[in-house]
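Take a look at the structure below.
Here is how names work: the chains are called A, B, and so on, in the same order as the sequence lines, proteins then strands, and each is numbered from 1.
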Amino acid sequence: MSIGASSTPIGKARGLGSAREGGEHWLTERVTSIALLLLGSWFIASILLLPALDPHTLVEWLSAPTGAIPMALLVIVGFKHALDGMKVFVDDYVHEAGSNFVINTLLLFLAVAGGAISLYALAVLSFGAAS
Amino acid sequence: MIVSILHRATGIALSVAGLAVLTWWLMALAHGPEGYATFEKASHSWIGLVVLIGLTWSFFQHLLSGVRHLVMDTGAGFELGINKTFAILTIVGSVVLTALLWAWLLGVRP
């Protein structure tokens with residue numbers, strides 16, 4: 001009834017119905033958080049249980065599948081969860097559609113680039129540098 | 001209220017500084033001993049330690065308040081007393097876990 005007619009925020013929102021999107025984003029954030037609960041605990045436990053934190057021990061740990069695979073998952077899920085979380089933050093404070101799109105796109109590029117660099121580093125540790 | 005704000009603040013800290021340090025750390029390891037020496041020098045400086053301890057606390061705070069949010073997503077834990085106790089416990093827990101982890105890393109570990 002009162003679409004756009006009221007000057008108050010609740011008046012503007014009333015009658016619009018749901019946004020019809022965002023549910024998947026909300027759920028993905030929860031699912032990745034549960035995965036990170038496990039992967040993060042694994043990471044902390046590993047750091048605590050390693051005999052030392054010198055580069056030799058760390059490379060030995062992360063070049064074996066038992067270290068490389070969970071770490072790759074931690075990187076992928078970590079960057080995804082960070083991206084989803086940052087989007088909530090940006091959407092809460094940047095309302096102008098253009099700026100919102102630019103910032104969210106920039107964050108997407110940064111997250112994908114950071115994830116790719118980290119996975120490349122893990123590949124080098126497992127298989128050695130190409131040249 | 002404060003725990004909710006902390007959840008955001010620590011989430012941003014982990015997203016920006018945490019993932020930057022993680023990426024740098026992995027690249028440093030991939031670069032071999034010389035590359036890792038640069039990272040180690042930075043992480044052993046007092047400012048490096050402050051950043052790492054800050055990120056450790058952020059991680060535990062975000063993890064514990066994240067669990068709190070997951071519980072609240074199910075509709076549980078909204079009673080005032082329980083809600084407040086749970087909120088305070090996330091702060092106590094994150095500080096204790098951070099202290100224990102760094103005590104182990106800097107002192108106790110043989």
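- Residue Y36(B) holds its OH atom at 4.5 Å from CG of L58(A), rounded to the nearest 0.5 Å.
- When heavy atoms are compared at a cutoff of 4.5 Å, I117(A) approaches chain B by way of both its backbone and its side chain.
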**Request:** Test I47(A) against L105(B) for side chain to side chain contact (heavy atoms under 4.5 Å, CB included), laying out the working first.
**Result:** CA-CA 9 Å; I47(A) 291 288; L105(B) 289 185; 4.1 Å; yes

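- The shortest non-hydrogen separation linking E40(B) to L53(A) is OE2-O, 4.1 Å.
- If you chain together hydrophobic residues whose side chains sit under 4.5 Å apart, V95(B) and I2(B) fall into the same group.
- Within 6.0 Å of the CZ atom in F78(B), the count of heavy atoms belonging to other residues, nucleotides or ligands exceeds 12.
- Of the inter-residue distances, the one linking D73(B) atom CG with L27(A) atom CG reads 10.0 Å to the nearest 0.5 angstrom.
- Note on L14(B) and V90(A): separate hydrophobic clusters, where clusters join Ile, Leu, Val, Met, Phe, Trp and Tyr whose side-chain heavy atoms are under 4.5 Å apart, directly or indirectly.
- In this structure, F109(A) is a member of the same hydrophobic cluster as M86(A), with clusters built from ILVMFWY side-chain heavy atoms closer than 4.5 Å.
- Taking CG from L26(B) and CG from L125(A), the interatomic distance works out to 7.0 Å, rounded to the nearest 0.5 Å.
- To the nearest 0.5 Å, the span separating CH2 on W61(A) from CG on L29(B) amounts to 9.0 Å.
- Residues L97(B) and L37(A) fall within the same hydrophobic cluster, defined by Ile, Leu, Val, Met, Phe, Trp and Tyr side chains chained together at heavy-atom separations under 4.5 Å.
- Taking every heavy atom of both residues into account, L70(B) and R30(A) meet most closely at CD2-CG, 3.6 Å.
- Within the model, atoms CZ of F79(A) and CG of L22(B) stand 6.5 Å from one another, a figure rounded to the nearest 0.5 Å.
- Put simply, F60(B) and L49(B) are part of the same group of oily side chains (I, L, V, M, F, W, Y) that touch within less than 4.5 Å, one to the next.
- Using a 4.5 Å cut-off between heavy atoms, W25(B) contacts chain A through its side chain alone, with no backbone atom that close.
- Proximity to chain B is limited to the side chain of L62(A), based on heavy atoms less than 4.5 angstrom apart.
- The two residues G40(A) and F59(B) have their closest heavy-atom pair at CA-CZ, 3.7 Å.
- Proximity to chain B is absent for every atom of D84(A), based on heavy atoms less than 4.5 angstrom apart.
- Other residues, nucleotides and ligands contribute more than 12 heavy atoms inside 6.0 Å of the CD atom of E96(A).
- Using a 4.5 Å cut-off between heavy atoms, L110(A) does not touch chain B at all.
- By the 30° and 60° cut-offs, the orientation of the rings of H62(B) relative to H81(A) is perpendicular.
- Taking each heavy atom of L19(B) and A82(A) in turn, the nearest pair found is CD1-CB, 3.5 Å.
- Considering only heavy-atom pairs separated by less than 4.5 Å from chain A, the leading option among I12(B), L63(B), T56(B) is I12(B).
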